[in-house]
Protein chains: 2
Amino acid sequence: MPPESSPTPPALTRPSTGDELRATALAQFASIGFAGTSLQQIADAAGYSKSSVLYHFASKEALLGEVLTPAIDRLEVILNRYVDAPDGAASRRRFVDDFIDFLLEFRLELHTFINQAQSLRGIPVIDRAGVLIVRLSDTLCHDGASTEDRIRFGIALGGAAYTLVAGMTFLDKDIAPADEIRQALSVVITELLAPVAVHTSQSRK
Amino acid sequence: MPPESSPTPPALTRPSTGDELRATALAQFASIGFAGTSLQQIADAAGYSKSSVLYHFASKEALLGEVLTPAIDRLEVILNRYVDAPDGAASRRRFVDDFIDFLLEFRLELHTFINQAQSLRGIPVIDRAGVLIVRLSDTLCHDGASTEDRIRFGIALGGAAYTLVAGMTFLDKDIAPADEIRQALSVVITELLAPVAVHTSQSRK
DNA sequence: ACCTTACTTGACCGATCGGTCAGGTTCTGC
DNA sequence: GCAGAACCTGACCGATCGGTCAAGTAAGGT
């Protein structure tokens with residue numbers, strides 16, 4: 001092999017073992033569920049031994065924590081940015097864009113959390129995500145929001161999480177181009193959340 | 001005890017052991033997942049032994065089948081009724097009402113299927129439900145439906161399933177009255193599916 | 001009384017679960 | 001060359017998994 005190649009690879013560094021395991025575990029958690037995924041499966045899928053997984057991560061729960069944390073951090077940033085921004089349609093629009101970016105980038109993480117949070121209570125990373133979702137809901141809906149407003153929020157969140165993961169599997173067999181999905185998501189979510197926004201721009205009650 | 005009570009109980013018959021087990025299993029499958037739920041858990045929660053569960057149901061998969069089948073049967077009836085009905089806004093409206101009834105009555109079954117179908121492929125009841133969902137999607141969206149139309153359908157389906165189960169858990173701590181939820185769902189889902197309906201009433205292209 | 005049927009159970013099976021541990025390999029700094 | 005860290009692994013642990021089996025019990029028909 002010629003020595004011309006760089007010590008740090010040219011464009012992208014190959015993923016570390018930890019990264020591979022995180023990615024593999026995420027895929028399994030999202031499709032089979034945390035309880036239904038064994039460390040052996042993760043190890044086999046990633047091409048390592050079970051012992052190796054437990055060398056890199058203290059426990060199965062710790063692995064879940066490391067897998068979900070980046071998504072939660074990102075969501076926290078987005079929410080804080082929206083809270084700090086002045087009220088108005090422009091801030092609202094940027095938030096929806098940020099949120100759609102988040103959906104597309106962390107679809108598996110969101111799907112994992114959304115569908116299993118109830119059964120995983122007590123795990124630190126899950127509880128942290130839980131309070132974040134509540135804060136997100138309260139921020140968008142305010143305290144006096146109607147049942148319909150809350151259902152709008154829930155449908156937008158859960159529906160997007162579902163559509164981007166499970167839905168794609170057997171509904172859109174032929175996957176649509178990414179920007180087409182992004183634009184469609186933008187239209188539908190904006191439309192879903194629009195009535196909720198109306199209440200937001202005026203002080204409640 | 002006075003013998004005045006009827007041989008077949010007056011208003012409602014107490015549930016059979018099989019019914020209790022089905023209900024208990026459904027709750028566990030929906031919240032922890034099929035793979036994550038053990039027969040022991042189901043037996044303990046229902047107050048029986050694991051052996052008793054396996055006496056009433058041939059296997060864990062058979063139990064899942066019996067749990068989900070009523071929901072699938074019902075969805076099949078609703079879809080067939082819509083397909084056989086004349087095209088038009090009235091049929092469409094009735095379908096949405098039927099569908100919301102279905103959502104409210106079989107929320108746990110739908111949630112179970114929606115979020116685990118991918119990992120349970122090969123199990124007869126799951127495959128049957130899968131083709132039914134595809135048929136539902138094709139019926140509502142037709143062949144030439146845009147990505148946005150399909151995303152609308154996916155968000156309505158997945159969003160409702162999520163909101164009615166997981167969402168209620170930590171978003172609407174204080175549960176709203178049933179008819180309020182029904183009306184809100186009706187508004188939001190009708191709104192979501194409305195643009196898709198437009199394409200339906202005219203022959204495509 | 002007796003047999004049958006429906007139902008429930010504990011003991012048990014091989015396999016797999018999450019997790020520990022000691023040992024082996026490879027690479028680095030000295 | 002050598003110590004030490006980083007990494008990877010097979011063997012092993014007690015517990016639990018889905019599932020089988022024989023025994024036991026209660027009710028009903030004869």
Side-chain angles (χ1 to χ4, degrees), chain A residues 1 3 5-9 13-26 28-29 31-68 112 116 119-120 122-126, chain B residues 1 3 5-9 13-26 28-29 31-68 112 116 119-120 122-126:
Chain A
M1 308 154 187
S5 201
S6 52
T8 44
T13 53
R14 52 131 193 220
S16 71
T17 301
D19 291 338
E20 287 182 60
L21 290 176
R22 265 182 287 267
T24 304
L26 174 58
Q28 304 270 349
F29 290 160
S31 69
I32 311 181
F34 177 74
T37 301
S38 71
L39 294 174
Q40 191 68 248
Q41 289 174 42
I42 298 170
D44 290 347
Y48 292 91
S49 70
K50 188 179 68 171
S51 301
S52 221
V53 177
L54 285 163
Y55 168 79
H56 288 279
F57 307 95
S59 68
K60 198 183 170 188
E61 284 195 9
L63 173 54
L64 178 72
E66 289 211 24
V67 159
L68 294 187
T112 299
Q116 308 184 59
S119 67
L120 300 179
I123 299 180
V125 71
I126 295 290
Chain B
M1 307 155 186
S5 201
S6 53
T8 44
T13 53
R14 52 132 193 220
S16 71
T17 301
D19 291 338
E20 287 182 59
L21 290 176
R22 264 183 288 267
T24 304
L26 174 58
Q28 304 270 347
F29 289 160
S31 71
I32 312 180
F34 176 75
T37 301
S38 71
L39 294 175
Q40 192 68 248
Q41 290 173 41
I42 297 170
D44 290 347
Y48 292 91
S49 70
K50 187 180 67 170
S51 301
S52 222
V53 178
L54 284 163
Y55 168 78
H56 288 278
F57 307 95
S59 68
K60 196 183 171 190
E61 284 195 9
L63 173 55
L64 178 71
E66 289 210 22
V67 160
L68 294 187
T112 300
Q116 307 185 59
S119 68
L120 300 179
I123 298 179
V125 71
I126 295 291

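Quick caveat, the model's predicted, so the values are computed rather than measured.
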Between the protein and nucleotides 24-26 of chain D, which nitrogen or oxygen pairs come in under 3.5 angstrom?
none

d(A:Ser52 OG, A:Leu39 CG) to nearest 0.5 Å is 12.0 Å

Side-chain heavy-atom pair A:Ile126, A:Leu68 within 4.5 angstrom cut-off: yes

Contacts of type side-chain contact (heavy atoms from CB on, under 4.5 Å), residue A:Ala58, not counting sequence neighbours: A:Ala62

With the threshold set at under 4.0 Å for non-hydrogen atoms, list the residues of residues 61-68 of chain B touching DNA chain C in residue-number order. none

Could you list the residues that satisfy side chain to side chain donor-acceptor pair (under 3.5 Å) with B:Gln28, not counting sequence neighbours? none

So the salt bridge (charged side-chain N to carboxylate O under 4.0 Å, His left out) pairs with at least one residue in residues 56-67 of chain A (sequence neighbours excluded) are A:Arg22-A:Glu66

Set of residues satisfying side chain to side chain donor-acceptor pair (under 3.5 Å) with respect to B:Ser49, sequence neighbours excluded: none

Measuring from atom CG of B:Leu21 to atom CG of B:Leu26, what distance do you get when rounded to the nearest 0.5 angstrom? 12.5 Å

Using a heavy-atom distance cut-off of less than 4.0 Å, which residues of residues 49-60 of chain B contact DNA chain D? B:Lys50, B:Ser51, B:Leu54, B:Ser59, B:Lys60

Which residues pass the side-chain contact (heavy atoms from CB on, under 4.5 Å) test with A:Ser31, not counting sequence neighbours? B:Gln118

When rounded to the nearest 0.5 angstrom, what is the spacing between CZ in B:Phe34 and CG in B:Leu64? 5.0 Å

Between A:Thr17 and B:Thr37, whichever has its closest DNA chain D nucleotide further toward 5' is A:Thr17

Give the first and the last nucleotide of DNA chain C, reading 5' to 3', that has any atom under 4.0 Å from a heavy atom of chain A. C:dC17 to C:dT20

Residues at least two apart in sequence or cross-chain that pass side-chain contact (heavy atoms from CB on, under 4.5 Å) with A:Ser38, listed by chain then number, are A:Gln40, A:Gln41

Sorted by chain and residue number, the side-chain contact (heavy atoms from CB on, under 4.5 Å) partners of A:Ala23 (sequence neighbours excluded) come out as none

Closest-nucleotide ordering on DNA chain D, the 5'-leading residue of A:Tyr48 and B:Leu39: A:Tyr48

Heavy-atom distance under 4.5 Å between the side chains of A:Ile42 and A:Leu63, does that happen here? yes

Going by the ring pair (Phe, Tyr, Trp, His ring centres under 6.0 Å) test, which pairs reach into residues 37-68 of chain A, not counting sequence neighbours? none

